[in-house]
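First up is the structure itself, then whatever we jot down about it.
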Amino acid sequence: MFEGFEEITDRDIYDKAIAGEKPAVVLFVKPDNPQNESFYEVLSKFQRLYGDKINFYFMDASKNTSAEDLGIFVFPTVLYFRDTMELERHDYLPSEEDVERAIRRLLRL
(Lines give C-alpha, C1' and ligand atoms only; values in the text may rest on other atoms or scores of the structure.)
Protein backbone atom coordinates (compact mmCIF):
# COMPACT_ATOMS: atom_id res chain seq x y z
CA MET A 1 0.00 0.00 0.00
CA PHE A 2 2.69 2.53 1.04
CA GLU A 3 5.94 1.55 -0.64
CA GLY A 4 8.92 1.79 1.72
CA PHE A 5 6.69 1.81 4.81
CA GLU A 6 6.26 -1.35 6.90
CA GLU A 7 2.76 -2.11 8.19
CA ILE A 8 2.54 -2.42 11.98
CA THR A 9 -0.24 -3.52 14.29
CA ASP A 10 -1.25 -3.05 17.92
CA ARG A 11 0.89 -6.08 18.74
CA ASP A 12 4.18 -4.58 17.56
CA ILE A 13 3.83 -0.79 17.63
CA TYR A 14 5.51 -0.43 21.00
CA ASP A 15 8.53 -2.65 20.28
CA LYS A 16 9.07 -1.50 16.70
CA ALA A 17 8.06 2.17 16.65
CA ILE A 18 7.73 3.67 20.11
CA ALA A 19 10.67 1.89 21.77
CA GLY A 20 12.52 0.76 18.65
CA GLU A 21 16.28 1.00 18.25
CA LYS A 22 15.88 3.64 15.55
CA PRO A 23 13.56 6.65 15.62
CA ALA A 24 10.25 6.03 13.85
CA VAL A 25 7.68 7.82 11.75
CA VAL A 26 4.22 6.23 11.91
CA LEU A 27 1.44 7.14 9.51
CA PHE A 28 -2.01 6.25 10.88
CA VAL A 29 -4.58 5.81 8.12
CA LYS A 30 -8.11 4.64 7.49
CA PRO A 31 -8.70 2.84 4.18
CA ASP A 32 -10.21 4.80 1.32
CA ASN A 33 -9.39 8.19 2.85
CA PRO A 34 -8.38 10.33 -0.14
CA GLN A 35 -5.80 12.23 1.97
CA ASN A 36 -3.74 9.07 2.61
CA GLU A 37 -1.99 9.50 -0.72
CA SER A 38 -1.18 13.18 -0.08
CA PHE A 39 0.43 12.34 3.28
CA TYR A 40 2.35 9.47 1.69
CA GLU A 41 3.65 11.72 -1.11
CA VAL A 42 5.10 14.19 1.41
CA LEU A 43 6.58 11.49 3.67
CA SER A 44 7.94 9.18 0.94
CA LYS A 45 10.63 11.70 -0.03
CA PHE A 46 11.95 11.59 3.54
CA GLN A 47 11.70 7.80 3.63
CA ARG A 48 14.01 7.66 0.63
CA LEU A 49 16.43 10.17 2.21
CA TYR A 50 16.45 8.88 5.80
CA GLY A 51 15.18 5.29 5.58
CA ASP A 52 18.56 3.99 6.78
CA LYS A 53 18.39 6.09 9.98
CA ILE A 54 14.62 6.15 10.67
CA ASN A 55 12.01 3.40 10.43
CA PHE A 56 8.87 4.34 8.52
CA TYR A 57 5.62 2.54 9.34
CA PHE A 58 1.93 2.77 8.62
CA MET A 59 -0.99 1.48 10.64
CA ASP A 60 -4.55 0.79 9.47
CA ALA A 61 -6.58 2.38 12.25
CA SER A 62 -9.71 0.52 11.18
CA LYS A 63 -8.08 -2.78 12.27
CA ASN A 64 -6.14 -1.56 15.33
CA THR A 65 -6.86 0.45 18.49
CA SER A 66 -3.44 2.05 19.05
CA ALA A 67 -4.49 5.28 17.32
CA GLU A 68 -7.25 5.81 19.85
CA ASP A 69 -4.85 4.93 22.70
CA LEU A 70 -2.48 7.62 21.38
CA GLY A 71 -5.23 10.22 21.17
CA ILE A 72 -5.56 10.19 17.39
CA PHE A 73 -9.06 10.93 16.15
CA VAL A 74 -8.32 12.56 12.78
CA PHE A 75 -6.98 10.48 9.89
CA PRO A 76 -4.49 10.40 8.43
CA THR A 77 -2.11 11.51 11.19
CA VAL A 78 1.64 11.07 11.41
CA LEU A 79 3.55 10.64 14.68
CA TYR A 80 7.30 10.84 15.23
CA PHE A 81 8.87 8.70 17.99
CA ARG A 82 12.32 8.50 19.56
CA ASP A 83 13.33 6.80 22.83
CA THR A 84 9.70 5.98 23.81
CA MET A 85 8.62 9.62 23.40
CA GLU A 86 6.34 11.21 20.84
CA LEU A 87 8.33 14.20 19.61
CA GLU A 88 5.92 15.56 17.01
CA ARG A 89 2.52 14.94 15.46
CA HIS A 90 0.83 16.19 12.32
CA ASP A 91 -2.94 15.70 12.18
CA TYR A 92 -3.04 18.00 9.16
CA LEU A 93 -1.29 17.62 5.81
CA PRO A 94 2.25 18.70 6.72
CA SER A 95 4.41 20.74 4.41
CA GLU A 96 7.84 19.42 3.48
CA GLU A 97 9.27 22.01 5.88
CA ASP A 98 7.12 20.63 8.73
CA VAL A 99 8.35 17.10 8.06
CA GLU A 100 11.97 18.22 7.65
CA ARG A 101 11.81 19.99 11.03
CA ALA A 102 10.34 16.88 12.70
CA ILE A 103 12.93 14.59 11.06
CA ARG A 104 15.79 16.86 12.16
CA ARG A 105 14.44 16.74 15.70
CA LEU A 106 14.25 12.93 15.57
CA LEU A 107 17.86 12.76 14.42
CA ARG A 108 18.99 15.55 16.78
CA LEU A 109 20.37 17.63 13.90
Side-chain angles (χ1 to χ4, degrees):
M1 179 186 246
F2 300 105
E3 187 178 331
F5 286 56
E6 181 184 338
E7 185 168 10
I8 57 173
T9 64
D10 290 334
R11 182 182 307 254
D12 54 12
I13 187 171
Y14 185 80
D15 290 337
K16 286 187 172 185
I18 297 171
E21 285 186 28
K22 291 199 272 186
V25 174
V26 184
L27 177 60
F28 294 84
V29 297
K30 288 218 172 162
D32 303 324
N33 185 322
Q35 278 207 304
N36 291 344
E37 189 62 33
S38 300
F39 271 67
Y40 173 71
E41 286 175 16
V42 172
L43 294 171
S44 64
K45 171 186 175 185
F46 295 95
Q47 189 278 327
R48 289 190 298 277
L49 288 171
Y50 299 106
D52 59 329
K53 297 178 180 113
I54 298 171
N55 290 323
F56 286 78
Y57 299 105
F58 76 94
M59 177 179 279
D60 181 342
S62 67
K63 298 181 199 171
N64 298 280
T65 61
S66 292
E68 197 172 300
D69 296 341
L70 292 165
I72 300 170
F73 302 102
V74 175
F75 299 94
T77 289
V78 60
L79 269 57
Y80 304 81
F81 294 103
R82 185 185 71 219
D83 301 329
T84 70
M85 295 186 309
E86 176 188 325
L87 296 185
E88 192 89 41
R89 124 179 353 216
H90 296 128
D91 56 3
Y92 57 88
L93 180 60
S95 67
E96 286 193 9
E97 292 79 19
D98 292 334
V99 176
E100 178 76 31
R101 195 168 28 257
I103 295 286
R104 292 178 64 77
R105 193 167 173 212
L106 278 182
L107 295 175
R108 297 181 173 122
L109 298 176

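Since the structure is predicted, the reported quantities are computational estimates derived from the model, not experimental observations.
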How close do [X] and [Y] get, counting heavy atoms only, and between which atoms?
X: Leu106; Y: Ala24; answer: CD1-O, 4.0 Å
X: Ser66; Y: Met59; answer: CB-SD, 3.8 Å
X: Tyr50; Y: Glu100; answer: OH-OE2, 3.5 Å
X: Val74; Y: Asp91; answer: CG1-O, 3.7 Å
X: Gln47; Y: Gly4; answer: NE2-O, 3.3 Å
X: Pro23; Y: Leu107; answer: CG-CD2, 4.5 Å

Rounded to the nearest 0.5 Å, what separation is found between the [atom1] atom of [X] and the [atom2] atom of [Y]?
X: Glu96; Y: Arg101; atom1: CD; atom2: CZ; answer: 12.5 Å
X: Ile54; Y: Ile103; atom1: CD1; atom2: CD1; answer: 4.0 Å
X: Asp60; Y: Asn64; atom1: CG; atom2: CG; answer: 6.5 Å
X: Arg108; Y: Arg82; atom1: CZ; atom2: CZ; answer: 3.5 Å
X: Glu86; Y: Leu70; atom1: CD; atom2: CG; answer: 7.0 Å
X: Tyr57; Y: Leu27; atom1: OH; atom2: CG; answer: 14.0 Å

Would [X] end up clustered with [Y] when hydrophobic side chains under 4.5 Å apart are linked, directly or stepwise?
X: Val78; Y: Ile13; result: no
X: Leu87; Y: Ile18; result: no
X: Ile8; Y: Phe81; result: yes
X: Phe56; Y: Val42; result: yes
X: Phe75; Y: Leu93; result: no

| Are Ser95 and Asp98 close enough, and set up right, to give a side chain to side chain donor-acceptor pair (under 3.5 Å), and what steps lead you there? | CA-CA 5 Å; Ser95 67; Asp98 292 334; 3.3 Å; yes

Would you say the side chain of [Y] lies within less than 4.5 Å of the side chain of [X], judging by non-hydrogen atoms?
X: Tyr80; Y: Val26; value: no
X: Lys53; Y: Lys22; value: no
X: Glu21; Y: Asn55; value: no

| query | Where do Lys63 and Asp10 land on the side-chain contact (heavy atoms from CB on, under 4.5 Å) test, with the steps shown first? | reply | CA-CA 9 Å; Lys63 298 181 199 171; Asp10 290 334; over 6 Å; no

| field | Test log, rule side-chain contact (heavy atoms from CB on, under 4.5 Å), inputs Tyr14 and Asp12 | value | CA-CA 6 Å; Tyr14 185 80; Asp12 54 12; over 6 Å; no

| field | Check: Ala19 main-chain N/O paired with Asp83 side-chain donor or acceptor under 3.5 Å | value | no

| Backbone N or O of Gln35 within a donor-acceptor pair of the Asn33 side chain at under 3.5 Å? | yes

| field | Exceeds 12 heavy-atom contacts within 6.0 angstrom, atom CG of Asp52 | value | yes

| said: Take a 6.0 Å sphere around CD of Glu7 and say whether it holds more than 12 heavy atoms from other residues, nucleotides or ligands. | reply: yes

| request: Give a yes or no on whether a salt bridge exists between Glu6 and Lys16, defined as a side-chain N under 4.0 angstrom from a carboxylate O. | output: yes

| field | Distance flag, aromatic centroids of His90 and Phe39, threshold under 6.0 Å | value | no

| Plane angle bin for Phe5 and Phe2 - parallel if under 30°, tilted between 30 and 60°, otherwise perpendicular | tilted

